J.: 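Pasting a structure here, questions to come.
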Amino acid sequence: MKNHRVAIVGGGFGGLYAAKALGKAPVELTLVDRRNFHLFQPLLYQVATGGLSPGEIASPLRAVLRRHRNTEVLLAEAVDFDVAGRRVILKDGAVPYDDLIVASGATHSYFGHDDWHTLAPGLKTIEDATEIRGRVLAAFEHAERETDPERRHEWLTFVIVGGGATGVELAGALGEIANDTLRHDFRHINPAESLILLVEGEDRVLPSFPPDLSRKAAAQLEDLKVTLRLNARVTAIDCAGVAIESEGAAERVPARTVLWAAGVRASTLGKKLAERTGVALDRAGRVLVEPDLSLPGHPEIHVIGDLASFTHQGGKPLPGVAPVAMQQGRYVANLIRTKLRGGNMKPFRYFDKGNLATVGRNKAVADFGFAHVAGFPAWFLWVFVHLMYLVEFENRMLVFVEWVYNYITRNRGARLITGGGKR
Ligand SMILES: Cc1cc2nc3c(=O)[nH]c(=O)nc-3n(C[C@H](O)[C@H](O)[C@H](O)COP(=O)(O)OP(=O)(O)OC[C@H]3O[C@@H](n4cnc5c(N)ncnc54)[C@H](O)[C@@H]3O)c2cc1C
């Protein structure tokens with residue numbers, strides 16, 4: 001009898017956890033990713049702000065899965081699906097399947113202003129992170145050489161659009177860079193005079209956290225001299241600044257560095273699945289999945305992670321966070337194994353262990369539902385959880401050593417301008 005073929009598109013949190021859970025299953029598994037590595041996105045902002053190097057938060061997929069004899073890793077881009085013929089169509093070939101898991105994630109959305117992409121880079125890939133790092137560090141270099149005070153101030157103004165977890169992390173890290181890390185590095189500027197402006201459309205930062213934790217995160221940001229603009233929208237961006245609208249008033253903020261941390265749009269493979277199977281998408285392009293994460297009328301196709309909109313638990317779709325993707329990956333792997341044994345699985349249930357967001361050194365918030373924690377204990381927990389979830393033991397050790405060193409010296413060793421910083 002021929003082996004049961006499983007194809008997984010995407011080696012992020014969802015795809016990789018599904019592949020790992022199928023490592024010993026009686027299946028022939030092909031994992032397709034357009035990158036040859038798994039990326040630990042929650043620590044991308046540390047690369048963007050010089051705290052870590054790219055290699056420390058990425059692990060080659062072949063290395064992670066090398067002991068899984070039933071698994072093949074393909075470096076390839078999936079572009080379409082032949083649903084009747086049960087094949088994933090690649091840019092340069094095809095992969096047959098009996099069960100398909102699509103975990104191609106999401107990217108940032110500019111809410112119809114895709115032209116802002118080059119003016120205000122978002123943070124999703126290693127390239128984005130090194131580009132942001134380059135721009136931030138180059139801004140201080142330009143300011144150092146600028147003699148006109150107004151233009152110097154423009155170089156020392158950093159606008160971050162979006163006050164969710166990524167925006168808060170970026171703003172906090174920029175605050176630390178300006179006030180701490182670079183304190184003694186320049187001769188003509190005082191980096192602490194930088195204006196770091198965090199713009200959020202809602203009336204508080206971290207809107208997905210309880211209001212008391214948002215207030216604590218705001219206070220922690222203010223400690224790092226981050227200026228908050230709440231209830232505010234960026235309405236225009238150009239290479240010399242942004243226009244901000246807030247409660248009817250318009251304001252122009254001259255700034256040479258604008259970073260985008262607002263809005264999410266699902267991978268375009270969701271649209272392909274909708275065209276091929278008729279499945280509905282939500283406004284962010286996420287696929288509305290069944291309670292077992294399959295598509296209506298297609299029990300052999302499963303969509304997980306940031307690409308899936310799972311609305312069968314609590315009405316609202318589950319959040320686009322790593323634990324959801326990991327649990328869904330494991331669930332679908334179990335579902336396939338159970339199906340092969342002739343059994344049935346209960347619908348997927350997400351077990352929410354709590355939410356964490358960090359603002360900076362000794363500064364973070366944690367929401368466990370029954371308890372809200374802020375400050376050092378939340379930060380310590382954040383460090384522990386992020387170290388534990390780094391995929392490879394080697395990365396865990398490297399990051400641990402780097403963090404201890406950075407903590408003691410208040411340094412950020414990876415402050416390199418490498419190809420980034422250009423416009
Ligand atoms: C900056 C940032 C910070 C974050 N911080 C946190 C955090 O602190 N805590 C938390 O829980 N979550 C955080 N998240 C969210 C978390 O990273 C995502 O929820 C999680 O990565 C989703 O997993 P996924 O498997 O659905 O997608 P991803 O992890 O994004 O993986 C998708 C994979 O699919 C591949 N791919 C995409 N399209 C194709 C294609 N056409 N062909 C082949 N391969 C393809 C990609 O290369 C990628 O490897 C953060 C995200 C970002 C961007």
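Both counts, for ligands and for their atoms, begin at 1 and track the order of listing. These numbers come from a predicted model, not from an experiment. Heads up: numbering here begins at 1 and tracks the sequence.
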J.: Enumerate the side chain to side chain donor-acceptor pair (under 3.5 Å) contacts for residues 197-212, please, sequence neighbours excluded, ordered by first and then second residue.
T.: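 Side chain to side chain donor-acceptor pair (under 3.5 Å) check on residues 197-212 returns Arg204-Ser214, Asp212-His372.
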J.: The criterion is ring pair (Phe, Tyr, Trp, His ring centres under 6.0 Å); which residues satisfy it with His298, sequence neighbours excluded?
T.: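 Counting only residues at least two positions away or on another chain, His298 forms no ring pair (Phe, Tyr, Trp, His ring centres under 6.0 Å).
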J.: Let's go through Arg412 and Thr49 carefully: what are the C-alpha distance in whole Å and the side-chain angles of both, what is the deciding distance for side chain to side chain donor-acceptor pair (under 3.5 Å) to 0.1 Å, and is it a yes or a no?
T.: CA-CA 8 Å; Arg412 286 170 182 262; Thr49 52; 3.2 Å; yes
J.: Apply side chain to side chain donor-acceptor pair (under 3.5 Å) to Arg87 and list each qualifying residue two or more places apart in sequence or on a separate chain.
T.: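 For Arg87 the side chain to side chain donor-acceptor pair (under 3.5 Å) partners, ignoring immediate neighbours, are Asp82.
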J.: Kindly tell me which protein residues have any non-hydrogen atom under 4.0 angstrom away from an atom of ligand 1, grouped by chain and ordered by number?
T.: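 Contacts of ligand 1 under 4.0 Å: Gly10, Gly11, Gly12, Phe13, Gly14, Asp33, Arg34, Arg35, Gln41, Pro42, Ala76, Glu77, Ala78, Ala103, Ser104, Gly105, Leu123, Lys124, Thr166, Leu269, Gly305, Asp306, Gly320, Val321, Ala322, Pro323, Ala325, His386.
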J.: Does the pair Lys91/Glu77 count as a salt bridge with the N-to-O cut at 4.0 Å?
T.: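 Judged by the 4.0 Å cut-off on N to carboxylate O distance, Lys91 and Glu77 do form a salt bridge.
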J.: When you look at Asn344 and Thr338, which way does the side chain to side chain donor-acceptor pair (under 3.5 Å) test go after all the steps?
T.: CA-CA 6 Å; Asn344 279 312; Thr338 309; over 6 Å; no
